[in-house]
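Working notes, beginning with the structure itself.
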Amino acid sequence: MEGPLVKIIAETLTELKGKRVISTSGTAKIEKEIIEGKEIKDIFNRGKNLFIKFPSLSIKLHFLMAGSYRLNEEKEGAIPKLSLIFNKGIFNFYGGIVKIINNNEMEKVYDEEVDVNSEKWNSEKVLRLTLQKKNKLICDVLLDQNIFAGVGNIIKNEVLYMVKIHPLSIVEKIPEEKLKELIFKTREFSILFYKAIKNGEKFGTYFKIYGKNQCPHCKEKVMKEKTGKTKRISFFCPSTQFLYA
DNA sequence: TGCCATGTTAAACT
DNA sequence: GAGTTTAACATGGC
(Lines give C-alpha, C1' and ligand atoms only; values in the text may rest on other atoms or scores of the structure.)
Protein backbone atom coordinates (compact mmCIF):
# COMPACT_ATOMS: atom_id res chain seq x y z
CA MET A 1 0.00 0.00 0.00
CA GLU A 2 1.53 3.26 -1.12
CA GLY A 3 1.88 6.49 0.85
CA PRO A 4 -1.14 8.35 -0.54
CA LEU A 5 -3.48 5.57 0.59
CA VAL A 6 -1.95 5.47 4.06
CA LYS A 7 -2.47 9.22 4.35
CA ILE A 8 -6.14 8.76 3.59
CA ILE A 9 -6.42 6.07 6.24
CA ALA A 10 -4.69 8.32 8.76
CA GLU A 11 -7.19 11.08 8.04
CA THR A 12 -10.09 8.69 8.35
CA LEU A 13 -8.84 7.60 11.75
CA THR A 14 -8.40 11.05 13.25
CA GLU A 15 -11.73 10.52 14.98
CA LEU A 16 -9.85 8.26 17.39
CA LYS A 17 -7.87 11.20 18.67
CA GLY A 18 -8.56 11.79 22.34
CA LYS A 19 -9.86 8.26 22.95
CA ARG A 20 -8.43 6.24 25.78
CA VAL A 21 -7.35 2.64 25.22
CA ILE A 22 -9.10 0.51 27.84
CA SER A 23 -7.52 -2.77 26.80
CA THR A 24 -5.70 -4.41 23.92
CA SER A 25 -5.51 -7.76 22.21
CA GLY A 26 -4.13 -9.31 19.04
CA THR A 27 -1.36 -11.59 17.85
CA ALA A 28 1.35 -8.96 17.44
CA LYS A 29 4.39 -9.79 19.54
CA ILE A 30 4.66 -6.45 21.27
CA GLU A 31 4.14 -5.25 24.81
CA LYS A 32 0.55 -4.26 24.25
CA GLU A 33 -0.08 -3.62 27.95
CA ILE A 34 2.18 -0.61 27.76
CA ILE A 35 -0.51 1.45 26.01
CA GLU A 36 -3.45 0.32 28.11
CA GLY A 37 -5.00 3.24 29.92
CA LYS A 38 -3.29 5.72 27.65
CA GLU A 39 -4.93 8.34 25.50
CA ILE A 40 -4.41 8.70 21.77
CA LYS A 41 -2.80 12.07 21.18
CA ASP A 42 -2.50 11.99 17.42
CA ILE A 43 -2.82 9.83 14.31
CA PHE A 44 -0.82 10.53 11.19
CA ASN A 45 1.32 8.93 8.54
CA ARG A 46 4.94 9.30 7.56
CA GLY A 47 5.29 7.72 4.15
CA LYS A 48 3.76 4.25 4.36
CA ASN A 49 3.89 4.14 8.14
CA LEU A 50 0.81 4.93 10.16
CA PHE A 51 1.51 6.25 13.65
CA ILE A 52 -0.87 6.16 16.56
CA LYS A 53 0.74 8.50 19.01
CA PHE A 54 0.48 8.26 22.77
CA PRO A 55 2.36 10.26 25.39
CA SER A 56 6.05 9.31 25.04
CA LEU A 57 5.52 6.41 22.63
CA SER A 58 3.75 5.48 19.43
CA ILE A 59 2.40 2.44 17.72
CA LYS A 60 3.70 2.12 14.19
CA LEU A 61 1.53 0.21 11.74
CA HIS A 62 2.70 -0.85 8.30
CA PHE A 63 0.25 -2.36 5.84
CA LEU A 64 2.79 -4.12 3.63
CA MET A 65 0.89 -5.48 0.63
CA ALA A 66 -2.20 -6.90 2.23
CA GLY A 67 -2.74 -5.12 5.51
CA SER A 68 -6.16 -3.77 6.41
CA TYR A 69 -8.20 -2.40 9.29
CA ARG A 70 -11.76 -2.17 10.58
CA LEU A 71 -13.25 0.45 12.80
CA ASN A 72 -15.93 -0.69 15.23
CA GLU A 73 -16.35 -4.02 13.48
CA GLU A 74 -14.58 -7.31 12.88
CA LYS A 75 -13.19 -8.52 9.61
CA GLU A 76 -14.67 -11.84 8.67
CA GLY A 77 -12.30 -14.79 8.75
CA ALA A 78 -9.32 -12.78 9.98
CA ILE A 79 -7.53 -12.58 13.28
CA PRO A 80 -6.43 -9.10 14.37
CA LYS A 81 -2.74 -8.39 14.72
CA LEU A 82 -3.75 -5.64 17.06
CA SER A 83 -7.02 -4.49 18.60
CA LEU A 84 -7.41 -1.28 20.54
CA ILE A 85 -10.49 -1.42 22.70
CA PHE A 86 -12.06 1.84 23.81
CA ASN A 87 -14.83 2.58 26.23
CA LYS A 88 -16.99 2.82 23.19
CA GLY A 89 -15.68 1.26 19.98
CA ILE A 90 -12.77 -0.80 18.76
CA PHE A 91 -9.97 -0.49 16.23
CA ASN A 92 -8.78 -3.70 14.55
CA PHE A 93 -5.65 -4.05 12.45
CA TYR A 94 -5.02 -7.10 10.24
CA GLY A 95 -1.94 -8.32 8.40
CA GLY A 96 0.99 -5.94 8.20
CA ILE A 97 3.48 -5.11 10.91
CA VAL A 98 2.98 -3.62 14.37
CA LYS A 99 5.77 -2.01 16.34
CA ILE A 100 6.08 0.22 19.37
CA ILE A 101 8.66 2.97 19.20
CA ASN A 102 9.33 5.93 21.38
CA ASN A 103 8.39 9.35 20.14
CA ASN A 104 11.92 10.73 20.07
CA GLU A 105 12.95 7.98 17.72
CA MET A 106 9.86 8.49 15.60
CA GLU A 107 10.71 12.13 14.99
CA LYS A 108 14.33 11.30 14.33
CA VAL A 109 13.90 8.37 11.96
CA TYR A 110 10.72 9.17 10.07
CA ASP A 111 11.43 12.47 8.41
CA GLU A 112 8.41 14.45 7.26
CA GLU A 113 10.55 16.37 4.83
CA VAL A 114 11.01 13.36 2.58
CA ASP A 115 7.37 12.24 2.70
CA VAL A 116 5.94 12.81 -0.79
CA ASN A 117 2.53 13.57 0.63
CA SER A 118 3.58 15.86 3.46
CA GLU A 119 3.16 19.62 3.52
CA LYS A 120 6.70 19.74 4.81
CA TRP A 121 8.10 17.91 1.80
CA ASN A 122 11.46 19.46 0.97
CA SER A 123 12.56 19.07 -2.63
CA GLU A 124 16.06 20.34 -2.01
CA LYS A 125 16.67 17.81 0.71
CA VAL A 126 15.33 15.03 -1.50
CA LEU A 127 17.64 16.11 -4.32
CA ARG A 128 20.61 16.22 -1.99
CA LEU A 129 19.91 12.74 -0.64
CA THR A 130 19.32 11.39 -4.13
CA LEU A 131 22.62 12.76 -5.40
CA GLN A 132 24.38 10.92 -2.58
CA LYS A 133 23.28 7.68 -4.23
CA LYS A 134 25.33 8.55 -7.27
CA ASN A 135 26.19 5.06 -8.49
CA LYS A 136 22.83 3.47 -7.68
CA LEU A 137 20.03 2.60 -10.06
CA ILE A 138 17.18 5.08 -10.08
CA CYS A 139 14.60 2.27 -9.77
CA ASP A 140 16.14 1.34 -6.40
CA VAL A 141 16.58 4.89 -5.14
CA LEU A 142 12.93 5.73 -5.78
CA LEU A 143 11.94 2.90 -3.47
CA ASP A 144 14.30 4.05 -0.70
CA GLN A 145 11.93 5.12 2.06
CA ASN A 146 14.56 7.38 3.61
CA ILE A 147 14.53 9.51 0.47
CA PHE A 148 11.13 8.93 -1.14
CA ALA A 149 8.92 8.01 1.81
CA GLY A 150 5.57 6.85 0.53
CA VAL A 151 6.69 6.00 -2.99
CA GLY A 152 5.87 2.41 -3.85
CA ASN A 153 6.27 0.30 -6.93
CA ILE A 154 3.35 1.84 -8.77
CA ILE A 155 4.45 5.42 -8.24
CA LYS A 156 8.01 4.42 -9.14
CA ASN A 157 6.97 3.06 -12.50
CA GLU A 158 4.56 5.86 -13.31
CA VAL A 159 6.89 8.76 -12.58
CA LEU A 160 9.80 7.20 -14.47
CA TYR A 161 7.53 6.81 -17.44
CA MET A 162 6.19 10.35 -17.17
CA VAL A 163 9.63 11.91 -17.25
CA LYS A 164 10.88 9.35 -19.78
CA ILE A 165 13.70 7.90 -17.71
CA HIS A 166 14.62 4.23 -18.00
CA PRO A 167 14.43 2.44 -14.61
CA LEU A 168 17.98 1.09 -14.96
CA SER A 169 19.47 4.57 -15.30
CA ILE A 170 22.31 5.43 -12.92
CA VAL A 171 21.72 8.46 -10.71
CA GLU A 172 24.97 10.31 -11.49
CA LYS A 173 24.43 9.88 -15.23
CA ILE A 174 21.06 11.60 -15.16
CA PRO A 175 21.37 15.34 -15.84
CA GLU A 176 20.54 17.26 -12.68
CA GLU A 177 17.67 19.15 -14.29
CA LYS A 178 16.16 15.86 -15.35
CA LEU A 179 16.57 14.49 -11.85
CA LYS A 180 14.80 17.53 -10.44
CA GLU A 181 11.97 16.97 -12.88
CA LEU A 182 11.68 13.40 -11.64
CA ILE A 183 11.68 14.47 -8.00
CA PHE A 184 8.94 17.04 -8.53
CA LYS A 185 6.97 14.45 -10.44
CA THR A 186 7.01 12.03 -7.51
CA ARG A 187 5.36 14.76 -5.47
CA GLU A 188 2.88 15.74 -8.16
CA PHE A 189 1.80 12.20 -8.95
CA SER A 190 1.51 11.21 -5.29
CA ILE A 191 -0.82 14.13 -4.67
CA LEU A 192 -2.82 13.28 -7.76
CA PHE A 193 -3.06 9.69 -6.55
CA TYR A 194 -4.25 10.90 -3.15
CA LYS A 195 -6.87 13.23 -4.59
CA ALA A 196 -8.14 10.64 -7.03
CA ILE A 197 -8.84 8.12 -4.28
CA LYS A 198 -10.33 10.85 -2.08
CA ASN A 199 -12.73 11.66 -4.88
CA GLY A 200 -13.75 8.04 -5.07
CA GLU A 201 -12.08 7.43 -8.40
CA LYS A 202 -11.06 3.92 -9.23
CA PHE A 203 -7.65 2.74 -8.18
CA GLY A 204 -5.60 2.81 -11.33
CA THR A 205 -7.43 5.54 -13.21
CA TYR A 206 -4.22 7.45 -13.85
CA PHE A 207 -1.84 4.60 -14.53
CA LYS A 208 -0.13 4.90 -17.90
CA ILE A 209 2.45 2.14 -17.72
CA TYR A 210 1.91 0.06 -14.56
CA GLY A 211 0.19 -3.17 -15.53
CA LYS A 212 -0.08 -2.12 -19.17
CA ASN A 213 0.91 -4.05 -22.28
CA GLN A 214 1.33 -1.24 -24.75
CA CYS A 215 3.20 2.05 -24.47
CA PRO A 216 0.65 4.89 -24.82
CA HIS A 217 3.32 7.02 -26.48
CA CYS A 218 4.89 4.83 -29.17
CA LYS A 219 2.54 1.86 -29.06
CA GLU A 220 5.36 -0.60 -28.57
CA LYS A 221 5.13 -3.51 -26.19
CA VAL A 222 5.83 -2.64 -22.57
CA MET A 223 8.74 -4.45 -20.92
CA LYS A 224 8.07 -6.10 -17.59
CA GLU A 225 11.06 -7.25 -15.58
CA LYS A 226 12.47 -7.32 -12.09
CA THR A 227 15.07 -4.61 -11.79
CA GLY A 228 17.83 -3.55 -9.42
CA LYS A 229 18.67 -4.67 -5.92
CA THR A 230 15.11 -4.31 -4.84
CA LYS A 231 14.06 -6.79 -7.56
CA ARG A 232 10.67 -5.18 -7.90
CA ILE A 233 8.93 -5.29 -11.23
CA SER A 234 9.52 -2.40 -13.56
CA PHE A 235 7.08 -1.72 -16.35
CA PHE A 236 8.80 0.43 -18.95
CA CYS A 237 9.14 1.24 -22.61
CA PRO A 238 12.79 1.12 -23.77
CA SER A 239 11.97 3.27 -26.79
CA THR A 240 10.23 6.05 -24.90
CA GLN A 241 12.36 6.00 -21.73
CA PHE A 242 16.00 7.03 -22.06
CA LEU A 243 18.69 4.95 -20.41
CA TYR A 244 21.25 7.13 -18.66
CA ALA A 245 24.08 4.69 -18.07
C1' DT B 1 -7.18 -22.96 -8.23
C1' DG B 2 -2.68 -21.23 -8.00
C1' DC B 3 0.11 -17.59 -8.23
C1' DC B 4 1.42 -13.00 -8.05
C1' DA B 5 1.86 -8.47 -5.91
C1' DT B 6 0.42 -1.60 -4.16
C1' DG B 7 6.33 -4.37 1.01
C1' DT B 8 9.53 -5.04 4.70
C1' DT B 9 12.33 -7.57 7.83
C1' DA B 10 15.13 -11.10 9.64
C1' DA B 11 17.42 -15.23 9.02
C1' DA B 12 20.29 -17.92 6.26
C1' DC B 13 23.53 -18.09 3.11
C1' DT B 14 28.18 -16.84 0.36
C1' DG C 1 31.74 -8.48 8.28
C1' DA C 2 29.55 -7.23 4.04
C1' DG C 3 26.63 -8.33 0.58
C1' DT C 4 23.08 -11.40 -1.38
C1' DT C 5 19.26 -14.67 -1.28
C1' DT C 6 15.38 -16.80 0.90
C1' DA C 7 11.55 -17.09 3.90
C1' DA C 8 7.88 -15.36 6.21
C1' DC C 9 3.86 -12.72 6.62
C1' DA C 10 -1.57 -11.95 4.60
C1' DT C 11 -4.98 -11.63 1.29
C1' DG C 12 -7.36 -9.51 -2.86
C1' DG C 13 -7.30 -10.08 -7.58
C1' DC C 14 -6.54 -12.26 -11.85
Side-chain angles (χ1 to χ4, degrees), chain A residues 1-10 12 25-30 45-51 58-70 73-83 91-101 105-106 109-111 114-117 133 135-137 139-162 167 185-198 200-213 222-236:
Chain A
M1 179 180 297
E2 311 217 1
L5 298 172
V6 180
K7 183 179 169 76
I8 289 170
I9 292 174
T12 306
S25 64
T27 58
K29 294 182 184 66
I30 57 165
N45 76 302
R46 291 270 203 287
K48 299 170 191 171
N49 292 296
L50 177 67
F51 289 98
S58 295
I59 290 183
K60 185 185 85 169
L61 302 179
H62 196 296
F63 290 80
L64 297 179
M65 304 257 207
S68 60
Y69 77 94
R70 293 290 186 277
E73 61 180 17
E74 318 284 324
K75 181 175 184 176
E76 201 170 332
I79 298 163
K81 270 266 160 68
L82 179 69
S83 298
F91 168 76
N92 292 311
F93 177 69
Y94 306 90
I97 297 169
V98 183
K99 272 194 175 172
I100 292 178
I101 59 178
E105 189 191 336
M106 188 250 298
V109 178
Y110 301 93
D111 184 357
V114 300
D115 180 343
V116 285
N117 280 99
K133 302 284 180 184
N135 59 350
K136 302 284 192 235
L137 300 178
C139 60
D140 287 333
V141 176
L142 280 171
L143 292 174
D144 186 332
Q145 298 300 296
N146 295 313
I147 305 178
F148 294 96
V151 169
N153 206 35
I154 293 175
I155 297 174
K156 175 196 87 179
N157 281 298
E158 291 297 326
V159 294
L160 284 172
Y161 180 73
M162 285 190 279
K185 198 57 93 173
T186 61
R187 168 87 169 156
E188 190 185 311
F189 185 73
S190 297
I191 289 173
L192 176 71
F193 196 163
Y194 165 83
K195 286 184 176 166
I197 303 297
K198 269 258 174 179
E201 294 180 62
K202 209 179 142 200
F203 187 69
T205 306
Y206 295 94
F207 300 170
K208 296 278 193 296
I209 194 84
Y210 182 85
K212 306 291 184 191
N213 292 312
V222 168
M223 303 286 293
K224 180 186 175 185
E225 48 187 66
K226 291 190 175 178
T227 53
K229 285 196 175 166
T230 48
K231 292 190 168 55
R232 303 295 302 280
I233 289 178
S234 287
F235 291 88
F236 62 99

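Order of the sequence lines sets the chain letters (A, B, ...), proteins ahead of strands, with each chain counted from 1. Reckoned from all heavy atoms, side chains included, excluding hydrogens, waters and symmetry mates.
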Is the shortest side-chain heavy-atom distance between [X] and [Y] below 4.5 Å?
X	Y	result
A/Leu50	A/Phe93	no
A/Arg46	A/Asp111	no
A/Glu74	A/Asn92	yes

Q.
Restricting to salt bridge (Lys or Arg N to Asp or Glu O under 4.0 Å), what partner residues turn up for A/Glu188, sequence neighbours left out?
A.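 For A/Glu188 the salt bridge (Lys or Arg N to Asp or Glu O under 4.0 Å) partners, ignoring immediate neighbours, are A/Lys185.
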Q) Does A/Lys198 have any salt bridge (Lys or Arg N to Asp or Glu O under 4.0 Å) partners at least two apart in sequence or in another chain, and if so, which? A)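 Once residues adjacent in sequence are excluded, the partners of A/Lys198 under the salt bridge (Lys or Arg N to Asp or Glu O under 4.0 Å) criterion are A/Glu11.
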**Q.** Partner residues of A/Ile191 under the side-chain contact (heavy atoms from CB on, under 4.5 Å) criterion, sequence neighbours left out
**A.**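 By the side-chain contact (heavy atoms from CB on, under 4.5 Å) rule, A/Ile191 matches A/Asn117, A/Arg187, A/Lys195.
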(Q) Taking side-chain contact (heavy atoms from CB on, under 4.5 Å) as the definition, give me every residue that meets it alongside A/Leu64, ordered by chain and number, with sequence neighbours left out. (A)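 If we apply the side-chain contact (heavy atoms from CB on, under 4.5 Å) test to A/Leu64, skipping adjacent residues, the hits are A/His62, A/Ile97.
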(Q) Main chain of A/Val151, side chain of A/Lys48: is a donor-acceptor contact present, judged purely on distance under 3.5 Å? (A)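 Yes.
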**Q.** Sugar-phosphate or base contact per nucleotide [nucleotides 2-14 of chain B; S, B, -; heavy atom under 4.0 Å]
**A.** ---SBBS-S----
Restricting to ring-ring contact (aromatic ring centres under 6.0 Å, His included), what partner residues turn up for [X], sequence neighbours left out?
X	answer
A/Tyr206	none
A/Tyr94	none
A/Phe236	A/His166
A/Phe148	none

List, with names and distances, any nitrogen or oxygen atoms from the protein found under 3.5 Å away from nitrogen or oxygen atoms belonging to nucleotides 3-7 of chain C.
| residue | atom | partner | partner atom | Å |
| --- | --- | --- | --- | --- |
| C/dT4 | OP2 | A/Lys229 | NZ | 3.3 |
| C/dT5 | OP2 | A/Lys231 | NZ | 3.0 |

Q: Please list every stem that involves DNA chain B, where a stem is a run of 3 or more consecutive Watson-Crick or G-U wobble pairs with both pairing distances under 3.5 Å.
A: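 Consecutive-pair runs (3 or more) involving DNA chain B: B:2-5 with C:11-14, B:7-14 with C:2-9.
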Q.
Work out how far the C1' atom of B/dT6 is from that of C/dT5, and round it to whole angstrom.
A.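 To the nearest whole Å, 23 Å.
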(Q) Can you tell me how the ring of A/Phe193 sits relative to the ring of A/Phe207, calling it parallel under 30°, perpendicular over 60° and tilted otherwise? (A)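 It falls in the perpendicular class, over 60°.
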Q. What is the distance, rounded to the nearest whole Å, between atom CG of A/Asn92 and atom C1' of C/dA10?
A.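 My rounded result for the distance is 16 Å.
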Please write out the pairs of protein N or O atoms and N or O atoms of nucleotides 12-14 of chain C separated by less than 3.5 Å, giving the distance to one decimal.
| residue | atom | partner | partner atom | Å |
| --- | --- | --- | --- | --- |
| C/dG12 | OP1 | A/Lys75 | NZ | 3.4 |

